[in-house]
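Just so you know, ligand 1 is whichever comes first in the structure, and atom 1 is the first atom listed for that ligand. Computed from a predicted model, the values in this text were never measured in an experiment. One-based numbering along the sequence shown.
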Amino acid sequence: MIDFNLTDNDQKILDYVRTEALVARKYARYYDENEAEFPPEALDEAKDYPGVWSLMGERTAEDTSQSVIGMLITMAETWGDYSVRMHKGRGAGLGNAALGAAGTEEQRTKWGGLLLSMAITEPGCGSDPSLVQTTAVLDEETDEWVINGEKIFVTTGCRADGVVIWATLDRSAGRAGIKSFLVEKETPGFQVSHKEKKLGIRADDTATYVFTDCRIPRGNLLGGKEEIPKAGSGGFRGVMKTFNITRPMTAAFGLGMSKAALDFAREQLEQAGVDLSYTSGTQGQSAAAAKFQRLEALQEAAELAVCHAAWLSDQGQSNNLEASISKAKGGSSVREITQGCIELLGPMGISREHLLEKWFRDVRITDIYEGTGQIQNLIIARTILEYDRSQLK
Ligand SMILES: Cc1cc2nc3c(=O)[nH]c(=O)nc-3n(C[C@H](O)[C@H](O)[C@H](O)COP(=O)(O)OP(=O)(O)OC[C@H]3O[C@@H](n4cnc5c(N)ncnc54)[C@H](O)[C@@H]3O)c2cc1C
């Protein structure tokens, strides 16, 4: 049964995260304009917030399940501002989610404390990850993998301690040859060659990685299975499973910011005397109130789609379809919500004196990384219609 009620423990955790998130919000504009390290005064302030992990230890079986509370925490963090991730530091990268989804127990223990980025995209490989050209060749003599290739648009690429990369063991094996590997920074042959300048989420860097004869221990293969399975027998599907948790999480990043935009818009509309009560009925409402409430409904539907995908994962059920639905719904909703809030507030919406214009820029990425909106719609259609890739592409 899905229970929508939060327990006292859940509420305590979310209240804590939201309070902490407001510290980060104070420095949001600084990040946006400087793309810099966390300012020292913010670090001092952040010391009063030891982190949510101690509260997580108090959780019981009665509380909301692990992935669902994880999504709610993510939304509460980015409700402060995307920049809150800058001082969350360890364990909060997309690569960490991949480690959690595909790593062995031993690997999770060994690398769980590192901040890990996730690198799939290459100059010739974006929407179709089966086109990965980066290679991993096993050197039996030294018991090492030798990695060669280039990865672009790596979120948290500069700041991360290491990366989970997708590489192929055999280009001729297609999807079946692709595996994920963990590579730590400072490994010889691993170079961070470029940092992007971008529209939004400037608090998080986006980097290019080059691997040149980069040698990593044999045990750095995520999940630990080396054999190349026959096409269609699950190797590629295994690494794709990572998306079943990172896609809802990506939607959750955006939904925290769109919620912040809605809260800001509500405050301003109420101050301007707009009646936002839910009791006046559609006939008695102003156009502004009707529009605002439609945006609120979008937010709620998208949040529920995220929690549903996470809940299925916690139940050990397949959530391939629901992960894509949550990403597609989240990606389009956050764009519509932040744009709608700007329209409602007029000049205030685009003024740099407020964060709304920044949230509008920050959420744009939700519909691009971890698979664009078009690709999610393709997956959803294929799954519902039971078409394979050759029938619908
Ligand atoms: C700021 C930022 C951060 C990123 N972070 C990461 C990261 O951490 N790790 C990582 O691996 N990647 C990351 N990416 C890369 C991102 O995942 C890719 O940009 C995305 O998957 C799209 O790939 P592409 O840019 O090559 O576009 P393309 O695949 O070239 O697609 C171009 C356009 O065509 C559309 N399209 C493609 N195929 C189809 C189709 N079959 N049907 C309909 N439309 C289609 C796409 O939706 C898109 O609109 C990041 C990108 C950005 C901009």
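Side-chain atoms of Q285 and Y278 include no donor-acceptor pair closer than 3.5 Å. For K327 and T250, the side-chain atoms include no donor-acceptor pair closer than 3.5 Å. Defined by atom type and a distance below 3.5 Å, a donor-acceptor pair is present between the side-chain atoms of D63 and T7. If you check the side chains of W111 and N96, you find no donor sitting under 3.5 Å from an acceptor. When only modelled atom types and interatomic distance are considered, T156 and D204 share a side-chain donor-acceptor pair under 3.5 Å.
Contacts between I365 and ligand 1, counted as non-hydrogen atom pairs separated by less than 4.0 Å, involve the side chain only.
Under a cutoff of 6.0 Å and an axis angle of 45°, R18 and W79 form a cation-pi pair.
Shown in contact with I120 at under 4.0 Å from a heavy atom are these atoms of ligand 1, numbered in order with element: 10 (C), 11 (O). Which parts of ligand 1 touch G126 is read off a 4.0 Å heavy-atom cut-off, strictly below it: atoms 21 (O), 23 (O), 24 (P), 26 (O), 29 (O). Heavy-atom contacts of L378 reach the following atoms of ligand 1: 41 (N) (cutoff under 4.0 Å). Close contacts between ligand 1 and E370 involve ligand atoms 17 (O) [criterion: under 4.0 Å to a heavy atom]. The atoms of ligand 1 that sit less than 4.0 Å from any heavy atom of M118 are 7 (C), 8 (O), 9 (N), 10 (C), 11 (O). Counting atoms of ligand 1 from 1 in the listed order, those under 4.0 Å from a heavy atom of A119 are 11 (O).
Two rings, from F243 and W166, have their centers less than 6.0 Å apart.
Some N or O of Q374 is nearer than 3.5 Å to an N or O of ligand 1, by distance alone. Backbone and side-chain nitrogen or oxygen atoms of D128 are examined, and none is located within less than 3.5 angstrom of a nitrogen or oxygen of ligand 1. At least one N or O atom of T372 sits closer than 3.5 Å to an N or O atom of ligand 1. The N/O atoms of T206, backbone and side chain alike, include none that comes under 3.5 Å of an N/O atom in ligand 1. Geometrically, ligand 1 and F153 share a nitrogen or oxygen pair separated by less than 3.5 Å.
Classified by interplanar angle (parallel below 30°, tilted 30° to 60°, perpendicular above 60°), the ring pair H308/W311 is parallel. Using cut-offs of 30° and 60° for the angle between ring planes, the F190 and Y209 rings count as perpendicular.
Inter-residue side-chain proximity for V163 and F211 is flagged as met; some heavy-atom pair is nearer than 4.5 Å.
Side chain of K185 to main chain of C158: a donor-acceptor pair is present (N/O by atom type, distance under 3.5 Å, no hydrogens or angles).
At a distance under 4.0 Å, a protein heavy atom can be found next to atom 38 (N) of ligand 1. Checking atom 47 (O) of ligand 1 against the protein gives a heavy-atom contact under 4.0 Å. In this structure, atom 1 (C) of ligand 1 has a protein heavy-atom contact shorter than 4.0 Å. For atom 32 (C) of ligand 1, no protein heavy-atom neighbour is present inside the 4.0 Å cut-off.
Taking each heavy atom of L276 and R266 in turn, the nearest pair found is CD1-CG, 3.5 Å.
Atom 8 (O) of ligand 1 has its closest protein heavy atom at T155 N, 2.9 Å. Scanning the protein heavy atoms around atom 15 (C) of ligand 1, the nearest turns out to be T121 OG1, 3.2 Å. Shortest contact from atom 20 (C) of ligand 1 to any protein heavy atom: I368 O, 3.7 Å.
Evaluated by nearest non-hydrogen atom to atom 36 (N) of ligand 1, the leading choice among G373, S127, A207 is S127.
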